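Because the structure is a prediction, the values reported are computed rather than measured.
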Amino acid sequence: MANHFYAYISRMRCVKRWALMRNTEEENIQEHSHMVAVLAHALALIRTRVFGLPTDANAVAVAALYHDATEILTGDMPTPIKYYNPEIRDAYRKVEAVASDKLLSMLPDELRADYEPIIKIEDETTKKLVKAADKLSAYIKCVEELKAGNMEFKKAAEQTHRALNEMHMPELDYFMVNCMESFSMTLDELE
């Protein structure tokens, strides 16, 4: 197969998120992945610096950059549909696995082994931190939409906040207590 991996990655900007909801500001998976990488990196650093648990924050950030790369091929499936029941969830996981393999096959042979643990996120700590950052990014989106007066995101904010609390991750709890409030402030209030 031709080496189209990077051309496909550049199209992450074409895949819209939150398709079933009215947005005051649209978000694509490229923008989302950048924010998830920033948040995952922060969570990994908090894990290491505050809680003394060694974590490769850079590796976590790189995995987060690519965490939704398969959606270039599959599209973004809304969470209520993806997790509606175990059959749909399991079927979607299989689709994601096929999409991962297809994306990896688009890389030059010499690079494939380097990308496989990133695209498939094999390390359990990295997987957990990226998942937390992904959920945190979704919550931030909800907070920003609510701040803009878009009540369409009220229920999503409540559900996502609850899911974050249920993760029971000290680094995530630390972020929520020490950093989250800023996202509901205006630019003038941040000064």
Side-chain angles (χ1 to χ4, degrees), residues 12 15 17-18 21 23-71 76-80 82-83 89 93 96 115 117-191:
M12 288 175 73
V15 181
R17 289 177 45 82
W18 305 94
M21 298 174 79
N23 290 256
T24 60
E25 188 172 328
E26 285 191 357
E27 180 183 46
N28 63 54
I29 64 169
Q30 189 174 60
E31 295 164 331
H32 167 70
S33 294
H34 172 266
M35 191 61 190
V36 172
V38 168
L39 295 169
H41 188 254
L43 293 176
L45 288 175
I46 293 165
R47 179 180 166 83
T48 299
R49 303 287 183 234
V50 178
F51 298 103
L53 300 169
T55 309
D56 185 345
N58 296 335
V60 171
V62 170
L65 276 175
Y66 293 96
H67 84 283
D68 276 345
T70 57
E71 291 183 7
D76 178 39
M77 172 138 342
T79 298
K82 190 187 300 186
Y83 298 108
R89 184 196 62 227
R93 283 186 181 148
E96 285 179 319
Y115 278 90
I118 295 168
I119 299 293
K120 294 187 175 185
I121 311 185
E122 295 172 350
D123 178 74
E124 287 303 316
T125 298
T126 299
K127 191 181 291 185
K128 189 174 176 182
L129 289 166
V130 170
K131 183 176 177 60
D134 188 34
K135 191 64 73 178
L136 184 55
S137 175
Y139 182 61
I140 290 167
K141 167 68 172 167
C142 292
V143 167
E144 290 172 343
E145 288 288 334
L146 289 171
K147 184 171 68 174
N150 184 0
M151 296 310 291
E152 179 92 4
F153 280 78
K154 185 174 188 274
K155 180 107 172 155
E158 292 167 0
Q159 291 172 337
T160 307
H161 189 266
R162 187 170 40 256
L164 288 167
N165 287 335
E166 290 170 359
M167 288 182 166
H168 304 292
M169 295 175 63
E171 54 274 76
L172 182 56
D173 296 341
Y174 179 96
F175 187 95
M176 294 296 284
V177 168
N178 294 285
C179 307
M180 193 58 220
E181 183 182 2
S182 301
F183 290 95
S184 60
M185 296 177 166
T186 65
L187 183 58
D188 290 335
E189 291 171 330
L190 291 173
E191 298 255 337

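Counting heavy atoms from C-beta outward, M151 and L146 have side chains that approach closer than 4.5 Å. Using a 4.5 Å heavy-atom threshold, the side chains of D68 and R17 count as touching. Contact annotation: the side chain of E144 never approaches that of E25 to less than 4.5 Å [non-hydrogen atoms, C-beta and beyond]. Side chains of R47 and T125 form a contact here, defined as non-hydrogen atoms less than 4.5 Å apart. Under the 4.5 Å side-chain criterion, counting only non-hydrogen atoms from C-beta, N23 is in contact with K141. I46 is not listed as a side-chain neighbour of N178, based on a closest heavy-atom distance of 4.5 Å or more. Side-chain contact between K131 and K128 is absent, with no heavy-atom pair separated by less than 4.5 Å. In this structure, the side chains of P117 and D123 stay at 4.5 Å or more apart for every pair of heavy atoms.
With sequence neighbours excluded, no residue forms a ring-ring contact (aromatic ring centres under 6.0 Å, His included) with H34. Looking at residues two or more places apart in sequence or on another chain, you find no ring-ring contact (aromatic ring centres under 6.0 Å, His included) involving F175.
Summarising the geometry, atom CD1 belonging to I121 is positioned 10.0 Å from atom CD belonging to E124; distances are rounded to the nearest 0.5 Å. The NZ atom of K155 lies 11.0 Å from the OG1 atom of T160; values are rounded to the nearest 0.5 Å. In this structure, the separation between CG on L164 and NE2 on H161 is 7.0 Å, given to the nearest 0.5 Å. Atoms OH and CG, on Y174 and L45 in that order, are 11.0 Å from each other to the nearest 0.5 Å. Interatomic distance, D134 CG to M35 CE, rounded to the nearest 0.5 Å: 12.0 Å. Atom CD of residue E171 and atom CE of residue M169 lie 4.0 Å apart, to the nearest 0.5 angstrom.
In this structure a side-chain-to-backbone donor-acceptor pair under 3.5 Å is present from E31 to N28. With hydrogens and angles ignored, the 3.5 Å screen pairs a side-chain donor or acceptor of S184 with a backbone N or O of E181. Listed for the T48 side chain is a donor-acceptor partner under 3.5 Å among the backbone atoms of T55. Under the 3.5 Å distance criterion, the side-chain polar atoms of H32 are left unmatched by any main-chain donor or acceptor of I29. Looking at S137, its side chain never comes within 3.5 Å of a backbone N or O of A133 through a donor-acceptor pair.
Taking a 6.0 Å sphere around CD of E26, one finds it holds 12 or fewer heavy atoms contributed by other residues, nucleotides or ligands.
Considering all non-hydrogen atoms of both residues, M176 and M180 come closest at O-CB, 3.2 Å. In plain terms, the two heavy atoms of H41 and A57 that are nearest each other are CD2-O, 3.3 Å. Of all non-hydrogen atoms in V15 and E71, the two that sit nearest each other are CG2-O, 3.8 Å. Across A132 and L43, no two heavy atoms sit closer than the pair CB-CD1, 3.9 Å. Considering all non-hydrogen atoms of both residues, I119 and A69 come closest at CD1-CB, 4.4 Å. When all heavy atoms of F153 and C142 are compared, the closest pair comes out as CD2-SG, 3.8 Å.
Checking K147, E145, E152 one by one against T24, the side chain to side chain donor-acceptor pair (under 3.5 Å) holds for a single residue, E145.
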Exercise. Could you give me the CA-CA distance, side-chain angles and deciding distance for E158 and K154, then say whether salt bridge (charged side-chain N to carboxylate O under 4.0 Å, His left out) is met?
Key: CA-CA 6 Å; E158 292 167 0; K154 185 174 188 274; 3.2 Å; yes

Practice problem: For side-chain contact (heavy atoms from CB on, under 4.5 Å), just list the numbers for N150 and M21, CA-CA rounded to whole Å, side-chain angles, deciding distance to a tenth of an Å, and then say yes or no. | Solution: CA-CA 10 Å; N150 184 0; M21 298 174 79; over 6 Å; no

